[in-house]
2 protein chains.
Amino acid sequence: MDKVKRVSWVFSWRHLLLLSLTLNVSLLSRFIYERGIEIETDHHQRLHQELCFQKEVNTREAAMCGVSEQEAQVSRSSTSSSSRAQAADGGKQVINLDHGDPTMFEEYWRRTGEKSKIVIRGWDSMSYFSELNNLCWFLEPEFAKQITRFHRSVGNAVTHDRHIVVGTGSTQLFQAALYAISLLPPHASPQKPISVVSAIPYYSPYPSLTDYLKSGLYKWDGDAYNFTKDEPYIELVTSPNNPDGFIRQPVVNRSRGTVVYDLAYYWPQYTPITTSADHDLMLFTFSKITGHAGTRIGWALVKDKEVAKKMTEFIVLNTIGVSKDSQLRAAKILQVISDSNEHMGFPEDSDSFFLYAYHQMTQRWERLRDVVRRSGLFSLPEFSPQFCNYIGGFTEPHPAFAWLKCEGDIEDCESFLREHKIITRGGRHFGMEAKYVRISMLDRDEKFNLFVERLSNISL
Amino acid sequence: MDKVKRVSWVFSWRHLLLLSLTLNVSLLSRFIYERGIEIETDHHQRLHQELCFQKEVNTREAAMCGVSEQEAQVSRSSTSSSSRAQAADGGKQVINLDHGDPTMFEEYWRRTGEKSKIVIRGWDSMSYFSELNNLCWFLEPEFAKQITRFHRSVGNAVTHDRHIVVGTGSTQLFQAALYAISLLPPHASPQKPISVVSAIPYYSPYPSLTDYLKSGLYKWDGDAYNFTKDEPYIELVTSPNNPDGFIRQPVVNRSRGTVVYDLAYYWPQYTPITTSADHDLMLFTFSKITGHAGTRIGWALVKDKEVAKKMTEFIVLNTIGVSKDSQLRAAKILQVISDSNEHMGFPEDSDSFFLYAYHQMTQRWERLRDVVRRSGLFSLPEFSPQFCNYIGGFTEPHPAFAWLKCEGDIEDCESFLREHKIITRGGRHFGMEAKYVRISMLDRDEKFNLFVERLSNISL
C-alpha cells in the first residue's frame with residue numbers, strides 16, 4: 001500500500017474511532033461521575049499545592065498564601081476521614097484551579113509501562129556539548145530528531161528550513177526571543193527598549209516576564225489593540241489563546257514589527273489541527289503536550305539564522321544550555337507518542353496518546369458546558385467545529401483553560417467563586433474585566449470532578 | 001567503635017593512602033605520559049568543540065570561530081590517520097583549553113557501573129511541584145537530603161539553619177542572587193541599579209552575566225579594589241578563585257554591602273578543606289564537583305529567608321523551576337559519592353571519588369609544574385600546603401584552572417600561545433594584564449597530555 005492510500009485508510013479508521021468515542025463520552029462520563037471519587041490521603045500536602053503555587057509569585061503570592069492559612073484549617077478539620085469527596089466534602093475543600101499543572105495525563109503514562117522509561121548511566125551526557133556542528137550546540141541530536149518526527153506525525157508545524165533552539169521550558173525561550181529580537185534589526189537600538197504587546201485577553205505572566213528585570217532592551221507595552229507607536233515592536237500571539245482558547249492572528253500588522261507565536265496549545269486534544277503552522281518564530285512547550293511539566297523543556301522553530309543564534313546566546317548566558325537528562329527524557333516521550341500515532345489506525349491497538357487526551361478533554365468540556373447551561377449564572381466561549389487533519393474529522397476546540405464569564409450582576413467573578421472555595425485567576429490579570437475568570441481544565445480527575453459538582457451547586 | 005574513634009581511624013588510613021598515592025604519582029605519570037595517546041576518531045567534531053565554545057559568545061565568538069576556519073583546515077589535513085598524537089601531531093593540532101568542560105572525571109563514572117545509573121518511568125515527576133511545604137517548592141526532597149548529607153560528609157559547608165534553593169546551574173543562581181539582593185533592604189531602590197563588583201582577577205563571565213539584559217536592578221561596576229561609592233553594593237567572592245585558585249575574602253568590607261560566595265571549587269580535589277564555610281549566601285555547582293556539566297544543576301545555601309524567597313521567585317519567573325529529572329540524577333550521583341566517602345577508610349575498597357579526583361589533579365599539576373620549571377618562559381601561582389580535614393593530611397591546592405604568566409618580554413601570553421595552537425583565555429577577560437592566561441586543567445587525558453607536551457617544546 002503506498003503512503004497516500006495508507007494515510008486515507010488510517011483516516012477512515014480514525015474517523016470511526018472518533019465517532020465511537022464521541023458516542024461513548026456521555027455514558028462514560030455519567031458512569032465516572034456517578035460512582036464517586038476517593039479523596040487522596042495526602043490532603044494536607046495537596047492543600048498547600050492548591051494554595052501556594054508561585055508561578056506569578058510577585059503579584060499573587062501574598063493573596064494566595066493569605067487564603068491558605070485560614071482555609072487550610074477549615075479543610076484539614078473537615079477531611080480527617082478518607083470518605084468520598086462528593087459525599088463528605090460538603091463544599092468545604094478549597095479547589096484551586098488557578099494554575100495549569102497538567103496532571104490529568106499521568107494515567108496514560110502509567111499505562112505505557114516499560115515503553116516510556118529511560119535509563120541514564122553515571123557517565124552519560126557529561127559534557128556541556130551535544131552537537132558541535134549545530135548552531136544550538138547544546139541540543140541533543142536524538143531530541144532534535146524526535147521533534148521533527150513529532151511535528152511531521154501530527155502535522156501542526158513546518159520544521160523544514162527551520163533552526164531548532166531548545167530551552168528550559170518555553171518561558172526561557174520567550175525571554176530568549178525578546179533578547180534576540182531587541183538586539184537585531186529592525187530594532188537594535190541601544191537607546192530605547194522595544195515595545196512588547198499582546199492582544200487582550202493575553203497570557204497573564206507576559207507583563208511580569210517582560211519587566212521583572214527592568215531590562216533596557218524590551219518593555220511591556222500592554223494591549224496590542226492600543227499600540228499606535230510608529231516604531232519597532234514585538235507582538236506576542238498565543239494560538240490557541242491562553243486564556244480563551246481562540247485561534248489568533250496578529251492585530252498590529254505594521255512595518256518593523258516582529259511576531260512571536262506561542263503555539264503551546266496547538267495540539268489535537270485542544271484544537272482542530274487545520275494547517276501546518278509556518279511562521280518565522282514559533283514556541284512550543286513539552287509540558288502542555290504530554291503533561292510532563294516537571295521536565296523543563298521547550299523548543300523554538302526559528303527561520304532566521306541570526307535570531308536562532310541570538311536565542312542560543314541568551315540560553316548560554318542564562319543557564320549555559322539545557323539539561324541533557326531532560327532532553328533525553330523528552331525525546332523518549334515524544335518517540336512513544338509518534339510510535340502510537342503510527343498504530344492509531346488499528347482500533348484493537350489504539351494506544352494513541354492524542355486520541356486518549358482528545359477523549360478526556362471532550363468529556364470534561366461536555367460536563368462543564370452541561371453544568372454552565374443549567375446554572376444560568378455563567379457562560380463559556382462558543383467554538384465552531386473545524387476539520388482536524390490529525391483526527392481526520394470535524395472536531396471542536398477543547399481548550400486547556402475555561403474562560404468563564406459571570407453573567408448578571410456578578411461583577412467580580414474571581415471573588416464570587418472564591419466565596420465558594422473555587423480559586424481561579426481573575427480577568428484583570430489578562431487585561432480584561434473582572435467578570436471573567438480562567439479555570440484550569442488539566443488537573444487530576446478528583447479535583448475536576450469536585451469542581452464540576454461544586455459549580456453545579458452554586459445558586460444566587 | 002564510637003564515632004570519634006572511627007573517624008580518627010579512618011583518617012589514619014586516609015593519611016596512608018595519601019602518602020602512597022603521592023609516592024605513586026611520578027611513576028604513574030611517567031608511565032602514562034610515555035606510552036603515548038591515541039587520538040580520537042571524531043577529530044573534526046572535537047575541533048569544532050575546541051574552537052566554537054560559546055559560553056561567552058557575545059564577546060568571544062567572532063574571534064574564536066575566526067581561528068577555527070583556518071586552523072581546522074590545517075588540523076583536518078594533518079590527522080587523517082589515527083596515529084599516535086604525540087608522534088604524528090607535530091604541533092599542528094589546535095588544543096583548546098579556553099573553557100572548562102570537566103570531562104576528565106568520565107572514567108571514574110564509567111567504573112561505577114550500575115551503582116550510578118537512574119531509571120525514570122514515563123509517569124514519574126510530572127507535576128511542576130516537588131514539596132509544597134518547602135519555600136523552594138520545586139526542590140526534590142531526595143535531592144535536598146543528598147545535598148545535606150554530601151556537605152556533611154565532605155565538611156566544606158554548613159547546611160544547618162539554611163534554605164536550599166536549587167537552580168539550573170549556578171549561573172542561574174548567580175542571577176537569582178543579584179535579583180533578590182537588589183530588591184531587598186538595604187538596597188531596594190527603584191531609582192538606581194545596585195553596583196556589582198569583584199576583585200581582580202575575577203571570573204570572566206561576571207560582567208556579561210550582570211549586564212546582558214541591561215537590567216535596571218543591578219549593574220557591573222568592575223574591580224572591587226576600586227569600589228569607593230558610599231552606597232549599597234554586591235561583592236562577588238569566588239573561593240577558591242577562578243582563575244587563579246587562591247582562597248579569597250571580601251575586599252570592600254563596607255556597610256550596606258552583601259557578599260555572594262561562589263564556592264564552585266571548594267572541594268577536596270581542588271583545595272584543602274580547612275573549614276566548614278558558614279556564609280550567608282553560598283553558591284555551588286554540580287558540574288565542577290563531579291564533572292556532570294550536561295546536567296544543569298546548582299544549589300544555593302541561603303541564611304536569610306527573604307533572600308531565599310526572592311531567589312526562588314526569580315527561578316520561577318526565569319524557567320518555572322528546575323527539571324526534576326536532573327535533580328534526581330544529581331541526587332543519585334551525590335549519593336554514590338557519599339557512599340564512597342563512608343568506605344574510603346578501607347584501601348581494599350577505595351572507590352572514593354574525591355581520592356580519585358585528588359590523585360588525578362595532583363598528577364596533572366606535578367607534570368605542568370615540571371614543564372613550566374624547565375621552560376623558564378612561564379610561571380604559575382605558588383600555594384602553601386594546608387591541613388585538609390577531608391583528606392586528613394596536608395595537601396596543596398590543585399586548581400581547576402592554571403593561571404599561567406608569560407615571563408620576560410612576552411606581553412600578550414594568549415597570542416603567544418595561540419601561535420603554538422594552544423587556545424587559552426587571556427588575562428584581560430579577568431580584569432588583569434595580558435601577560436596572564438587561564439588554562440583549563442579538567443579536559444580529557446588526551447588533550448591534557450598533548451598540551452603538556454606542546455608546552456614543553458616551546459622555546460623563544
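Protein chains get the first letters and strands the later ones, always in sequence-line order, with residue 1 at the start of each.
Here the CD atom belonging to B:Glu306 is positioned 8.5 Å from the NZ atom belonging to B:Lys310, to the nearest 0.5 angstrom.
Between A:His187 and A:Ile181, the shortest heavy-atom distance links the atoms CB-O, 3.9 Å. In terms of heavy-atom proximity, A:Ile297 sits nearest to A:Thr285 at O-OG1, 3.8 Å. In terms of heavy atoms, B:Ile315 sits closest to B:Val166 at CD1-O, 3.3 Å.
Contact annotation for residues 328-336 of chain B against chain A (heavy-atom separation below 4.5 Å, listed by residue number): B:Arg329, B:Ile333.
Proximity to chain A is absent for every atom of B:Phe174, based on heavy atoms less than 4.5 angstrom apart. Contacts of B:Glu106 with chain A are made by both backbone and side-chain atoms, with heavy-atom separations under 4.5 Å. Residue B:Ser287 touches chain A through its side chain alone, counting heavy-atom pairs closer than 4.5 Å.
For A:Ser116, the side-chain hydrogen bond (donor to acceptor under 3.5 Å, both in side chains) test picks out A:Thr112, with sequence neighbours left out. Evaluation of the side-chain hydrogen bond (donor to acceptor under 3.5 Å, both in side chains) rule for A:Arg121 yields A:Asp124 as partners, not counting sequence neighbours. Residues that satisfy the side-chain hydrogen bond (donor to acceptor under 3.5 Å, both in side chains) test with A:Glu114, not counting sequence neighbours, are A:Lys117.
Chain B forms more heavy-atom pairs under 4.5 Å with one residue of A:Gly169, A:Gly113, A:Ser170, A:Gly122 than with any other, namely A:Gly122. Here A:Arg296 is the residue among A:Lys214, A:His292, A:Lys115, A:Arg296 with the most heavy-atom pairs under 4.5 Å with chain B. The candidate with the highest count of non-hydrogen atom pairs below 4.5 Å against chain A, out of B:Thr290, B:Thr168, B:Leu178, B:Ile120, is B:Ile120. Chain B forms more heavy-atom pairs under 4.5 Å with one residue of A:Leu183, A:Val119, A:Leu173, A:Thr319 than with any other, namely A:Thr319. With chain B as the partner, the residue from A:Tyr108, A:Trp123, A:Tyr218, A:Trp109 showing the most heavy-atom pairs under 4.5 Å is A:Trp123. Contact count against chain A (heavy-atom pairs under 4.5 Å) is highest for B:Arg110 among B:Glu140, B:Gln327, B:Gln172, B:Arg110. Heavy-atom pairs under 4.5 Å with chain A were tallied for B:Ser215, B:Ser182, B:Gly321; the largest tally goes to B:Ser215.
One finds a salt bridge joining A:Glu107 and A:Arg111 here, because a Lys/Arg side-chain nitrogen approaches an Asp/Glu carboxylate oxygen to under 4.0 Å.
With 3.5 Å as the limit, one finds a donor-acceptor pair spanning the side chains of A:Thr295 and B:Asp325. Under the 3.5 Å distance criterion, with hydrogens and angles disregarded, a donor-acceptor pair is assigned to the side chains of B:Asn318 and A:Gln175.
Ring-plane geometry between B:Phe314 and B:Tyr179 is classed as tilted, the angle between the planes lying from 30 to 60 degrees on a 0 to 90 degree scale.
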